[in-house]
Amino acid sequence: MNDKQIHILHIEDDKVDKMVMEKLLKTVTTVATIHHAQDGQEALDKLRGTNKHEKLSPFPQIILSDINMPRMSGMEFLKALRADAELKHLSVFLFTTSKDDHDLYEAYQYNVTGYIVKPLNIIQVEALCKSMGMFWNLCEY
């Protein structure tokens, strides 16, 4: 595996989940930067450089998003992202407590890269982070 650095946008409204994911990502992948957003709207604002947010630099190659969030859910974010010509190519992994088949189907209709059901134990989260690192190393950007 090579050492391409990953720039990540993590969209999560729960502070504990945010801290756990950040720590794990930094220990099992070659993460250069992790940007954070509290919900889908804030994430879009940061990606587009709107509503008093500077455009993210460097631009994230991978987005990790919760689904259930205030203002704009992860699913609404995914729909808006895929409708944006500049952003639609970004890889999005959704993390959710929803096992609902409709949510899963809808996510894949919008070309989600991965749909992961929470809660995961620490070993599963570590394996997931390693898999995302391998995914990134296989991508040609």
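No hydrogens, no waters, no symmetry mates; every other heavy atom, side chains included, goes into these values.
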Does the side-chain contact (heavy atoms from CB on, under 4.5 Å) test come out yes or no for Leu90 and Gln61, once each step is laid out?
CA-CA 6 Å; Leu90 295 172; Gln61 297 95 356; 5.7 Å; no
How far apart are the C-alpha atoms of Met69 and Gln38, what are their side-chain angles, what is the distance that settles it, and do they pass the side-chain contact (heavy atoms from CB on, under 4.5 Å) test?
CA-CA 8 Å; Met69 296 177 289; Gln38 293 291 316; over 6 Å; no
Worked check of salt bridge (charged side-chain N to carboxylate O under 4.0 Å, His left out) between Glu42 and Lys46
CA-CA 6 Å; Glu42 182 181 340; Lys46 287 182 174 189; 3.3 Å; yes
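In this structure, Val92 and Arg82 have side chains that are in contact, with non-hydrogen atoms separated by less than 4.5 Å. Side-chain contact between Leu56 and Leu47 is present, with at least one heavy-atom pair separated by less than 4.5 Å. Counting heavy atoms from C-beta on, the side chains of Tyr108 and Asp103 never come closer than 4.5 Å.
Between Gly74 and Leu94, the shortest heavy-atom contact is O-CD2, 4.2 Å. Of all non-hydrogen atoms in Ala107 and Tyr115, the two that sit nearest each other are CB-CD1, 3.7 Å. Of all the heavy atoms in Asp45 and His53, the pair that sits closest is CB-CD2, 3.5 Å. The shortest non-hydrogen separation linking Leu44 to Thr50 is O-OG1, 4.5 Å.
The local environment of OH in Tyr110 is sparse, with at most 12 non-hydrogen atoms from other residues, nucleotides or ligands closer than 6.0 Å.
Atom OG of Ser65 is separated from atom CZ of Phe93 by 12.5 Å, given to the nearest 0.5 angstrom. In this structure, Leu64 CG and Leu9 CG are separated by 8.0 Å, a value rounded to the nearest 0.5 Å. The structure places CD of Glu22 at 9.5 Å from CD1 of Ile8, a figure rounded to the nearest 0.5 Å. In this structure, CD1 in Ile62 is found 12.5 Å from NE2 in His10, a value given to the nearest 0.5 Å. Note: Ser57 OG to His7 NE2 = 9.0 Å, rounded to the nearest 0.5 Å. Rounded to the nearest 0.5 Å, atoms CZ (Arg71) and CG (Asp13) are 11.5 Å apart.
The aromatic rings of His89 and Phe59 lie parallel to each other, their planes meeting at an angle below 30°, with 60° marking the opposite boundary.
Partners of Glu86 by side chain to side chain contact (heavy atoms under 4.5 Å, CB included), not counting sequence neighbours, listed by chain and number: Lys55, Asp84. Residues passing the salt bridge (charged side-chain N to carboxylate O under 4.0 Å, His left out) test with Lys79, sequence neighbours excluded: Glu106.
Just one residue in the list Asn68, Ile116, Ile67, Val117 forms a side chain to side chain contact (heavy atoms under 4.5 Å, CB included) with Phe95, and that residue is Ile116.
In this structure a side-chain-to-backbone donor-acceptor pair under 3.5 Å is missing from Thr113 to Ser91.
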